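As the structure is a prediction and not an experimental result, all values here were calculated from the model. Computed from heavy atoms alone, side chains included, the values below leave out hydrogens, waters and symmetry copies.
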Amino acid sequence: MRIRIVDAFTGNPAGVLLLGPDGFPEDDWLRNVALEVNHAETAFAHPLPDGGDADWALRWFTPTSEVAMCGHATLATAHVLRTTGTRAGPVRFATRSGVLRATPQEDGTITLDFPTAPLTPVDVPDGVAEALGAEPLTAFDTGPNTGDLLIEIADEKTVRGLAPDLGALARYSERGIIATARSADPGRGYDFVSRCFFPNIGIDEDPVTGSAHTALAPYWSERLGRPDLTGLQASPRSGLVRTGLRGDRTLLTGGAVTVIEGELLV
């Protein structure tokens, strides 16, 4: 079985395994492979019969658990399907978050069509400021697909300088915390910045999080008055995500490159 490591959104590595048509192996095997790969997510996909609502079934695992939605590993899977000649055009993935569509673009990027996160304003929980190391301006629950707490803080410099207490952060949401701020200089090619801390699923800081941008897109589109934006995830690896808010759907566009390809032996 071929296994590939793909950098998606130019900054987040994901494992990708294309399985046969018989379906997914046992969950323990999937979890063990994801633990061995030891990246933020490993994607497992198998083809579905023709004529249905989706072309491939897709699941994502962190080194510790299965997740309901992952943008960068979906992008990585679509990239592998395209570059191996398995699927040249758009592909529909059947997932725990419904049918997700990936469409190759002429410039080599891929656009994902994901459900927009429902943002619910919440009171800032006691202790979040201390755990994050910055004072929140606002806080929003991002809904069941991601299970994050989205927090806006003062400025880009503060986002870049965060050094949170990850153990303390774990108690405030199902998956983790998205910290965001407006770009200090939109002329540099991005409208907002973010960092994502997900200690509850074994990821201290995710390099570039596509699923988080299903919440960041509606949040910043409302504040900036534009449906199409670009976000910079300011992690140590970093990466850009182009977002397009389309009502209850959010488009996420980015590039991908295969960096490692090999044989899975066990």
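- Scored by the side chain to side chain donor-acceptor pair (under 3.5 Å) test, Thr180 finds Trp220 as partners (sequence neighbours excluded).
- Under 3.5 Å, the side chains of Thr146 and Ser211 contain no donor-acceptor pair of N or O atoms.
- Side-chain contact annotation: Asn12 with Asp7, donor-acceptor N/O pair under 3.5 Å absent.
- By the criterion of side-chain heavy atoms lying less than 4.5 angstrom apart, applied directly or through intervening Ile, Leu, Val, Met, Phe, Trp or Tyr residues, Val80 is grouped together with Phe93 in one hydrophobic cluster.
- For the residue pair Gln233 / Tyr190, no side-chain donor-acceptor distance below 3.5 Å is found, with atom types taken as modelled.
- In this model, a donor atom of one side chain and an acceptor atom of the other lie less than 3.5 Å apart for Thr74 and Trp60.
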Check the pair Arg175 / Asp206 against salt bridge (Lys or Arg N to Asp or Glu O under 4.0 Å), numbers first and verdict last. CA-CA 11 Å; Arg175 184 172 73 164; Asp206 198 29; over 6 Å; no
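- Under a hydrophobic-cluster definition in which Ile, Leu, Val, Met, Phe, Trp and Tyr are linked whenever side-chain heavy atoms come within less than 4.5 Å, directly or via other members, Leu232 and Leu252 are assigned to different clusters.
- Using modelled atom types, one finds no donor on one side chain facing an acceptor on the other under 3.5 Å when comparing Thr250 with His213.
- Applying the salt bridge (charged side-chain N to carboxylate O under 4.0 Å, His left out) test to Asp165 and every residue at least two apart in sequence or in another chain returns nothing.
- Residues Phe24 and Phe44 keep their aromatic ring centres 6.0 Å or farther apart.
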Take Thr253 and Gln105, measure what side-chain hydrogen bond (donor to acceptor under 3.5 Å, both in side chains) needs, and give me the verdict at the end. CA-CA 9 Å; Thr253 300; Gln105 305 298 322; 5.8 Å; no
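- Residues Val193 and Val208 do not share a hydrophobic cluster, defined by chaining ILVMFWY side chains whose heavy atoms lie under 4.5 Å apart.
- Taking the side chain as every heavy atom from C-beta outward, Leu245 and Thr116 approach each other to under 4.5 Å.
- In this structure, Thr62 contributes its side chain and Ala40 its backbone to no donor-acceptor pair below 3.5 Å.
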Does the pair Asp28 and Arg31 meet the rule for a salt bridge (Lys or Arg N to Asp or Glu O under 4.0 Å), with working shown? CA-CA 5 Å; Asp28 284 346; Arg31 280 191 289 265; 2.5 Å; yes
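- Remark: Arg195 fails to qualify as a cation-pi partner of Phe197 under the 6.0 Å distance and 45° angle criteria applied to the six-membered ring.
- Residues in residues 99-123 take part in these salt bridge (charged side-chain N to carboxylate O under 4.0 Å, His left out) pairs, two or more places apart or across chains: Asp113-Arg249.
- Within the 4.5 Å cutoff, side-chain heavy atoms of Asp185 are placed close to those of Arg188.
- Note: the hydrophobic cluster containing Leu224 also contains Ile178 (ILVMFWY, side chain heavy atoms under 4.5 Å, direct or indirect links).
- With a 4.5 Å cut-off on side-chain heavy atoms, Leu119 and Tyr219 count as touching.
- Leu18 is connected to Leu75 through a chain of hydrophobic side-chain contacts under 4.5 Å among Ile, Leu, Val, Met, Phe, Trp and Tyr, so both are in one cluster.
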